[in-house]
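See structure below.
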Amino acid sequence: MAGEVFKAPTGTHDVVPPTSARWEALERVFADLATRAGFGLLRTPVFEDLAVFKRVGEATDVVRKEMYDFEDKGGRHLALRPEGTAPVVRSFVQHRPPLPWKVWYQAPMFRYERPQAGRYRQHHQVGVEVLCTDDADLDVEVIALGHDYLRQLGLHQVTLLVNSLGDATCKPAYLDALRAHFATRTLCDEHKERYVENPLRVLDCKREACVGASADAPRMVDNLCEPCGAHFARVTAGLTAAGIDHTVESRLVRGLDYYTRTTFEFQADALDAAQSGVLGGGRYDGLVESMGGPPTPGIGFGSGIERVLLACDAEGVFPGPEASIDVFVVDVTGGETARDLVLELRRAGLGAERAYDGRSMKSQMKQADRSGARLALIVGDDELAAGEVTVRPLSGGDQDRVPRTDVIDRVRKLL
RNA sequence: GUGGCCGUAGCUCAGUUUGGUUAGAGCGCCAGGUUGUGGCCCUGGAGGUCGGGGGUUCAAGUCCCCUCGGUCACCCCA
């Protein structure tokens, strides 16, 4: 063996067959659901102007320390996409499409973090965004899409948490109330100073001191202004009407600063790993404006494919398709028949494979077995001389010899 | 960025505590048993610079240092 063996970079992974077929199947499930709900596929570049992502919040970890940013040969400061919403909004502002703009995506995301269970430097998300209105029915529709997606994969041990962060009217007053509350409490080392800057973070902190201080803290949902309260009430009522169980979690803050009003997250209870959030999102009514577009409310979610598949593994659901072909051609006469026959079969729309290198019949039959093919087509000296092919069902049963010219018809009948 | 654990065959791992001749197993792969037939079984085979570098020693997979990688957790997120 010569020298260095290269490996995929830290935090990245190859998706190798047959696992890749499972990914394709998952993406198809999502694409079908989104398409039926009126969403079109949006493909955006893998990198954007760094400033696009800074709009998700200068104070967030994603922007402060997890960005894969770089300067290109033209001196432009670019960054690999760390999340899905900002590029969609940038694209919206650039193209100004007619409303409502409902798009879905399926794309790799990049964050410079230390990898661990369910977290990678390159991970993949499917997601949707709707830009148009702050109609609460849209919140319900988007959350329901996420719910149905997870359900269609077979996941059942999933908890939906919802919250409202209020808007420009009620959020500031609530933050003041929170600050006043925490000022009288003992917080963890990290937050005892930082709470002034962003008191919502304390609600998200899992350290004992902060958990205690948060327990009787004022709840945003109790301090919403009238429009926000009415909006949130219609969202939760809509979820109930849709038969979607949900829990109002006033500490669901989420890490991106652009969220207003509704935030939500589906957690996979079957995952004992620390990363159990499999689908999360929310409303961002000020983001389009901050990117230079006309005031346009928006809502969406992202869902990590790797994590969702981990959750599927934990529940033992969504195994993915069995990779198999229709027929396997076994040729011990030199290989010319196999060479011609697999092409004929494939051109006829059938899945056909063969062995190479003139292996023994036993070896070729073994490969046929492993291939998962339903039928083996066997060509030996007798068949070659007679202008025939032996058709053998690999799951058992009697084999049969048919004229070479009738092979495709016979195969079609037997499949 | 901080911390714990772990790097031995393609994969999963013994062996490391008490350094000692040619480093093992299961699975997988290849071949044979069955000279035209897969799955089950039996036999054999290929495949390792023991992550890399340095050090201690007569002798290092085993002890020490450094380094790279993996993994789990914190932070945060999908």
Roughly how many Å apart are [M] and [N], using the [atom1] atom of each and rounding to a whole number?
N	M	atom1	result
B:G1	B:A59	C1'	43 Å
B:C63	B:G20	P	11 Å
B:G10	B:G48	C1'	12 Å
B:U49	B:C72	C1'	30 Å
B:U43	B:G26	P	10 Å
B:U22	B:U62	P	15 Å
B:A9	B:A23	P	14 Å

Are side-chain N/O atoms of [X] and [Y] paired as donor and acceptor at under 3.5 Å?
X	Y	value
A:E306	A:H124	yes
A:D69	A:H77	yes
A:Q399	A:T390	no
A:Q367	A:R370	no
A:R90	A:T44	no

In whole angstroms, how far is the [atom2] atom of [N] from the [atom1] atom of [X]?
X	N	atom1	atom2	value
A:Y149	B:A78	OH	P	14 Å
A:K366	B:C41	NZ	C1'	11 Å
A:K7	B:G7	NZ	P	14 Å
A:Y68	B:G1	OH	C1'	14 Å
A:R119	B:G70	CZ	P	14 Å
A:L394	B:C40	CG	C1'	16 Å
A:E113	B:C72	CD	C1'	15 Å
A:F6	B:G69	CZ	C1'	15 Å

Quiz prompt | Short side-chain N/O contact from A:S363 to OP1 or OP2 of B:A31, under 4.0 Å | solution =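 For B:A31, OP1 or OP2 has a side-chain N or O of A:S363 closer than 4.0 Å.
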Quiz item: Would one find a side-chain N or O of A:Q116 under 4.0 angstrom from OP1 or OP2 of B:A73?
Solution: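 Result: yes.
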Quick one: label [X] by what it contacts on the DNA or RNA (base, sugar-phosphate, nothing), any heavy atom closer than 4.0 Å.
X	value
A:F301	nothing
A:Q367	nothing
A:I305	nothing
A:E83	nothing
A:R114	base
A:G84	nothing
A:A368	nothing

Quiz item: Is there a donor on the side chain of A:R370 or the base of B:G39 sitting less than 3.5 Å from an acceptor on the other?
Solution: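 Side chain to base: no pair present.
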Quiz item: Looking only at heavy atoms, what is the nearest atom pair of A:F318 and A:L153, with distance?
Solution: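 It is CB-O, 3.3 Å.
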Practice problem: Taking all non-hydrogen atoms of both residues into account, name the closest pair between A:C312 and A:R22 and its distance. | Solution: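 The pair with the smallest heavy-atom distance is CB-NH2, 3.6 Å.
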Quiz prompt | Residue whose closest nucleotide on RNA chain B lies nearer the 5' end, A:H124 versus A:A117 | solution =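 That would be A:A117.
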Counting only Watson-Crick pairs (N1-N3 plus N6-O4 or O6-N4) and G-U wobbles (N1-O2, O6-N3), all under 3.5 Å, who is the partner of [N]?
N	value
B:C74	B:G1
B:G48	none
B:U57	none

What N/O pairs connect the protein and nucleotides 33-36 of chain B at under 3.5 Å? Give each pair on its own line.
unit_1 : atom_1 : unit_2 : atom_2 : d
B:G33  : N7     : A:K362 : NZ     : 3.4
B:G33  : O6     : A:K362 : NZ     : 3.0
B:G36  : O6     : A:D382 : N      : 2.8
B:G36  : O6     : A:D382 : OD1    : 3.2
B:G36  : O6     : A:D382 : OD2    : 2.6
B:G36  : O6     : A:E383 : OE1    : 3.2
B:G36  : N1     : A:E383 : OE1    : 2.5
B:G36  : N1     : A:E383 : OE2    : 2.9
B:G36  : N2     : A:E383 : OE1    : 3.4
B:G36  : N2     : A:E383 : OE2    : 2.4

Quiz item: Taking the side chain of A:M365 as heavy atoms from C-beta outward, which of B:G38, B:C30, B:C74 is closest to it?
Solution: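 Ranking B:G38, B:C30, B:C74 by closest atom to the A:M365 side chain puts B:G38 first.
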Exercise. Report the nucleotide, chosen from B:G39, B:A78, B:C30, that has the shortest atom-to-atom distance to any side-chain atom of A:R307.
Key: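 Looking only at heavy atoms from C-beta outward on A:R307, the closest nucleotide is B:A78.
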Quiz prompt | Inter- and intrachain pairs under side chain to side chain donor-acceptor pair (under 3.5 Å), touching residues 278-292 of chain A, at least two apart | solution =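 Side chain to side chain donor-acceptor pair (under 3.5 Å) check on residues 278-292 of chain A returns A:E129-A:Y284, A:D139-A:R283, A:R283-A:D285.
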Quiz item: Would the A:W101 and A:H95 ring centres measure less than 6.0 Å apart?
Solution: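 Not close enough - the centres of the two rings lie 6.0 Å or further apart.
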Exercise. For the pair A:R119 and A:E113, find out whether any cationic side-chain nitrogen is under 4.0 Å from an anionic carboxylate oxygen.
Key: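 Salt bridge flag = yes for A:E113 with A:R119.
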